[in-house]
**Q** 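Quick one: structure below, then a few questions.
The first residue of the sequence shown is numbered 1, and numbering continues consecutively from there.
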Amino acid sequence: MTKLGLPDGIRACLFDMDGVLTQTATVHAAAWKETFDAFLRRRDGALFRPFDAVADYDEYVDGMPRADGVRSFLASRGIHLPEGDDDDPPDRDTVHGLGNRKNALVLRKIKELGVRAYPGSVRYAEAARAAGLRRAVVSSSANCHDVLVAAGIDALFEVRVDGVVAAERHLAGKPAPDTFLAAAHALGVPPGQATVFEDALAGMEAGRAGRFGFVVGVNRAHQAEALRRHGADVVVDDLAELLEDAS
């Protein structure tokens, strides 16, 4: 293992953003809950069953593109909405309308609360840069650039493959490996020489499907065993643990 806690031969680090680099996963979970609960309460009345911001978030929406998250969770409740259009207003009960409602809530919460990076992740990314490893951010978020800038860590990464890039290039979202593969390609590194850092189960599956050299599960939601089952080679609570284990 290298001083970064990675196998020999690894040349690139591919980081998810929300929950790995930035403390924004809980903001997303809260926005999804507010969005889905309002919709379900109006639709189901006395039979209303709320969105679980831990179990439902982890299983159905975490790490996925916004519209896929809407489809995935609603399908779990046997609900199928019209797709609508990308620019549907937030009050329209379509897949894109609900997604846009969630996005508006996230942007409002980020504006109100700000964005903080995980100190251990910043230390790790800096150590990776110092060691000469290539570095990319791979996120389903269309707000990725703004969040990285707000957290003050955008300069640490050479490549960004986010929701905007995925839409422009028609890349399938996680759990498909396409966005991670695109990031590795942009860095000029084959998948077998790249490590994926993820906190989402969908991200674990993407790392396994892409046959990456190493997959690190970041256990922010107390789901270490699930991360391993879905493809993690190692699970840590914080990326700084990899530096400490290698020291």
**Q** Return the CG to CZ distance between L187 and F157, rounded to the nearest 0.5 Å.
**A** 11.5 Å
**Q** Using a 4.5 Å cut-off on heavy atoms from C-beta on, say whether the side chain of R135 contacts that of V159.
**A** no
**Q** Checking Y124 side chain against L4 main chain: does a donor-acceptor pair fall under 3.5 Å?
**A** yes
**Q** State which residues pass salt bridge (charged side-chain N to carboxylate O under 4.0 Å, His left out) with R41; sequence neighbours excluded, sorted by chain then number.
**A** none
**Q** When you measure from the side chain of D162 to the backbone N and O of A142, does any donor-acceptor pair fall under 3.5 Å?
**A** no
**Q** Tell me which one of D88, N100, D85 satisfies side-chain hydrogen bond (donor to acceptor under 3.5 Å, both in side chains) with T94.
**A** D88
**Q** Is there a side chain to side chain contact (heavy atoms under 4.5 Å, CB included) between D93 and R43 once you walk through the steps?
**A** CA-CA 10 Å; D93 287 340; R43 181 183 186 274; over 6 Å; no
**Q** Under a 3.5 Å distance rule, please check whether N103 uses its side chain to pair with a backbone N or O of G99 as donor and acceptor.
**A** no
**Q** Under 3.5 Å, is there a donor-acceptor pair between the side chain of E34 and the main chain of A31?
**A** no
**Q** Taking the side chain as everything from C-beta on, heavy atoms only, tell me whether D199 gets closer than 4.5 Å to D62.
**A** yes
**Q** Please check if the side chain of R49 supplies one atom and the backbone of L47 the other of a donor-acceptor pair under 3.5 Å.
**A** no
**Q** Return the orientation label for the F180 and F212 ring planes: parallel under 30°, perpendicular over 60°, tilted otherwise.
**A** perpendicular
**Q** Pairing donors with acceptors under 3.5 angstrom, does anything connect the side chains of T24 and T22?
**A** yes
**Q** Can you tell me how far apart CG (L201) and OH (Y57) are? Round to the nearest 0.5 Å.
**A** 11.0 Å
**Q** Quick one: are V218 and L239 in side-chain contact, heavy atoms under 4.5 Å?
**A** yes
**Q** How far does CZ of R71 sit from CD1 of I79, to the nearest 0.5 angstrom?
**A** 15.0 Å
**Q** Would you call the rings of F51 and F36 parallel, tilted or perpendicular, taking 30° and 60° as the class edges?
**A** tilted
**Q** Does any part of the side chain of E198, heavy atoms only, come nearer than 4.5 Å to the side chain of V215, both counted from C-beta?
**A** no
**Q** Answer yes or no: are there more than 12 heavy-atom neighbours, outside R42 itself, under 6.0 Å from its atom CZ?
**A** yes
**Q** Please check: side-chain N/O of R116 versus main-chain N/O of A151, any donor-acceptor pairing under 3.5 Å?
**A** no
**Q** Is the count of non-hydrogen atoms from other residues, nucleotides or ligands lying under 6.0 Å from R211 atom CZ greater than 12?
**A** no
**Q** Could you report the tightest heavy-atom contact between G231 and R208, atom names first, then the distance?
**A** N-NH1, 3.9 Å
**Q** Looking only at non-hydrogen atoms, find the nearest pair between S141 and D18 and report the distance.
**A** CB-OD2, 4.1 Å
**Q** Do K109 and H28 get their side chains close enough for a donor-acceptor pair, meaning under 3.5 Å?
**A** no
**Q** Under 4.5 Å between side-chain heavy atoms, chaining through other members, with only Ile, Leu, Val, Met, Phe, Trp and Tyr counted: pull out the rest of the cluster around L113, sorted by chain and number.
**A** none
**Q** Looking at CZ of R77 and OG of S72, how far apart are the two atoms once the value is rounded to the nearest 0.5 Å?
**A** 11.5 Å
**Q** Between C13 and L6, is a side chain to side chain contact (heavy atoms under 4.5 Å, CB included) present by the stated rule, with each step listed?
**A** CA-CA 10 Å; C13 298; L6 304 177; 4.2 Å; yes
**Q** Under the rule for side chain to side chain donor-acceptor pair (under 3.5 Å), what residues qualify as partners of D37, not counting sequence neighbours?
**A** K33
**Q** So, taking the atom named NZ in K102 and the one named CG in L107, what distance separates them when rounded to the nearest 0.5 Å?
**A** 8.5 Å
**Q** Determine, step by step, whether T35 and F73 satisfy the side chain to side chain contact (heavy atoms under 4.5 Å, CB included) criterion, reporting the C-alpha distance in whole Å, the side-chain angles of both residues, the deciding distance to 0.1 Å, and the verdict.
**A** CA-CA 12 Å; T35 297; F73 171 69; over 6 Å; no
**Q** Calculate, to the nearest 0.5 Å, the distance between atoms CG and CZ belonging to D86 and R66 respectively.
**A** 9.5 Å
